[in-house]
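Notes to accompany the following structure.
All chains are named by letter (A, B, ...) in the order of the sequence lines, taking the proteins before the strands, and each is independently numbered beginning at 1.
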Number of protein chains: 2
Amino acid sequence: MTDNIDELERKLSKIKQTKPRRLVMDVLRDAEKPLSAVQILAEIEKTGEQIWLSTIYRILDLFVEKDIAIKSTLLDQDQAVYGLNQYQHTHYAVCIGCHRIITMDNCPIACDSFEPSLREDGFRITGHKIELYGYCSECDKKR
Amino acid sequence: MTDNIDELERKLSKIKQTKPRRLVMDVLRDAEKPLSAVQILAEIEKTGEQIWLSTIYRILDLFVEKDIAIKSTLLDQDQAVYGLNQYQHTHYAVCIGCHRIITMDNCPIACDSFEPSLREDGFRITGHKIELYGYCSECDKKR
DNA sequence: ATATAAATGCAAATGGTTCGCATTTGCATT
DNA sequence: AATGCAAATGCGAACCATTTGCATTTATAT
């Protein structure tokens, strides 16, 4: 379902290589957490390179289409975030206070034989998303 | 964590009763699935009543603040959806093809003693969201 | 080396959501 | 039942993430 680095390289080799695509890819490779388009722009600008936001969106759409990246919309965030599709499904906890994203290293669905009970027949499941929410230690203190 | 009807009534009694709020509440009560602001508007207009979209958003914000409703942003949808906070946590499956939302009647987290392994200490979990994605039988056929 | 289709730079449009302000409404008090 | 006041709403405009259109540039196959 998810890929290792070689698998990513194989997918990348199937699309045209351009400088903007390399820039976005480099940022995603280095990121430990999914990033928004604006965050990716900021990372690229830090290196002195220039790129347009619409180009980033187009590249991210392509990456998602080619299964290179995964797009998510986390709790109450008003923008989408993107991460490489290289981890065995990773999930996150989101702080309601500061919107910090914290990586979760395990998954409740992977470890047992969960059978979803859906109100419609014949749904073919291709993936899942789990999000915990609550307060990080810092925001918890402030309340 | 979630509430029954009486608990909702108790929360409602603490806020000023107005016609627009009643209209939105009526729609949410009848809905089997979470609805977007625009869908709520459409339902209200079907009854011949008139209401402004910005009013709906303000009412929904209030309902969320008062724990009367829950706001979610489902996979790849570009708008938020809202549902009453009356079910013992309900999760959904979302069709990648037609964006149909299908209710899931069980939950993988409720049934076992899952201990999340987070990369940050002291996170206080207040809730969670689980979403399956894939293709509904109809969209699956088309592929 | 060149042709061609695809990608990008840039600006303008779009669509969901929020904000500002004048008017109206619900409710507490008389 | 009438009054006053804070809060809610109607309405339009603003906002912000994302998308689109088009002229120009670029990567790759020939």
Side-chain angles (χ1 to χ4, degrees), chain A residues 9-28 34-45 47-66 68-83 99 101, chain B residues 9 11-28 34-45 47-66 68-83 94 99 101:
Chain A
E9 290 304 335
R10 195 183 58 77
K11 287 174 180 172
L12 273 175
S13 72
K14 289 188 180 171
I15 61 174
K16 199 192 266 190
Q17 288 298 105
T18 68
K19 190 175 174 189
R21 288 178 183 176
R22 254 174 273 123
L23 290 172
V24 171
M25 192 64 197
D26 288 347
V27 170
L28 291 180
L35 300 175
S36 69
V38 171
Q39 289 173 317
I40 292 170
L41 174 68
E43 286 302 316
I44 291 175
E45 284 179 338
T47 70
E49 299 289 343
Q50 205 195 314
I51 191 171
W52 273 79
L53 200 49
S54 52
T55 302
I56 294 180
Y57 278 111
R58 275 189 280 230
I59 291 171
L60 290 172
D61 281 351
L62 176 77
F63 283 5
V64 169
E65 192 200 316
K66 299 295 180 192
I68 293 166
I70 290 172
K71 175 181 181 179
S72 334
T73 47
L74 296 175
L75 183 88
D76 254 2
Q77 313 263 85
D78 49 356
Q79 2 80 317
V81 290
Y82 301 82
H99 287 183
I101 296 173
Chain B
E9 290 303 335
K11 287 174 179 172
L12 273 176
S13 72
K14 288 188 178 170
I15 62 175
K16 198 192 267 188
Q17 288 297 107
T18 67
K19 189 174 174 190
R21 287 177 185 178
R22 253 174 276 121
L23 291 173
V24 171
M25 192 63 196
D26 288 346
V27 170
L28 290 181
L35 300 176
S36 69
V38 171
Q39 290 174 315
I40 293 170
L41 174 68
E43 286 302 314
I44 291 175
E45 285 180 337
T47 70
E49 298 289 344
Q50 205 194 314
I51 190 171
W52 211 252
L53 200 50
S54 52
T55 302
I56 293 180
Y57 277 111
R58 275 189 282 230
I59 291 171
L60 290 172
D61 281 350
L62 176 77
F63 282 4
V64 168
E65 191 199 316
K66 299 295 180 193
I68 293 167
I70 290 173
K71 175 181 181 179
S72 335
T73 45
L74 297 175
L75 181 88
D76 252 3
Q77 314 262 86
D78 48 355
Q79 4 80 318
V81 291
Y82 300 80
V94 184
H99 288 183
I101 296 172

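- Residue A:Q39 has no polar side-chain atom (N or O) positioned under 4.0 Å from OP1 or OP2 of D:dA17.
- Two residues, A:P20 and B:T55, neighbour DNA chain C, and the one matched to the more 5' nucleotide by heavy-atom proximity is A:P20.
- Put simply, the side chain of B:E9 reaches to within 4.5 Å of the side chain of B:L12, judged on heavy atoms.
- Distance A:L23 CG to C:dA7 P: 16 Å, rounded to the nearest Å.
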Test side chain to side chain contact (heavy atoms under 4.5 Å, CB included) on A:I44 and A:I40; report intermediate values, then the result. CA-CA 6 Å; A:I44 291 175; A:I40 292 170; 4.0 Å; yes

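- When all heavy atoms of B:A37 and B:L53 are compared, the closest pair comes out as O-CD1, 3.9 Å.
- At whole-Å resolution of the value, NZ in B:K66 and C1' in D:dA8 are 14 Å apart.
- Taking each heavy atom of B:I101 and B:P34 in turn, the nearest pair found is CD1-O, 4.4 Å.
- Remark: P of C:dC19 and CG of B:L60 are 15 Å apart, rounded to the nearest angstrom.
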List the steps and the verdict of side chain to side chain contact (heavy atoms under 4.5 Å, CB included) for B:I68 and B:L28. CA-CA 10 Å; B:I68 293 167; B:L28 290 181; over 6 Å; no

Can you check each nucleotide of nucleotides 18-30 of chain D against protein heavy atoms at under 4.0 Å and return B for base, S for sugar-phosphate only, - for none, in 5' to 3' order? BBBB-----SS--

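- As rounded to whole Å, 16 Å separates atom C1' of C:dG16 from atom CG of B:L35.
- In terms of heavy-atom proximity, B:F63 sits nearest to B:M25 at CE2-SD, 3.9 Å.
- Put simply, CD on B:E49 and CD on B:E43 are 13.5 Å apart, with the number rounded to the nearest 0.5 Å.
- Side chains of B:Q79 and B:Q39 form no contact here, defined as non-hydrogen atoms less than 4.5 Å apart.
- Atom CD1 of A:I56 is separated from atom P of D:dA17 by 13 Å (rounded to the nearest Å).
- Contact record, A:S36 with A:V81: N-CG1, 3.9 Å, taken as the closest heavy-atom pair.
- Summary of helix geometry: the two end axes of the helix from C:dA1-D:dT30 to C:dT30-D:dA1, each defined by five base pairs via their C1' atoms, are inclined to each other by 30° (rounded to 10°).
- In this structure, B:E49 atom CD and D:dG10 atom C1' are separated by 15 Å, rounded to whole Å.
- Taking atom CH2 on B:W52 and atom P on C:dA22, their separation rounds to 18 Å, with Å as the unit.
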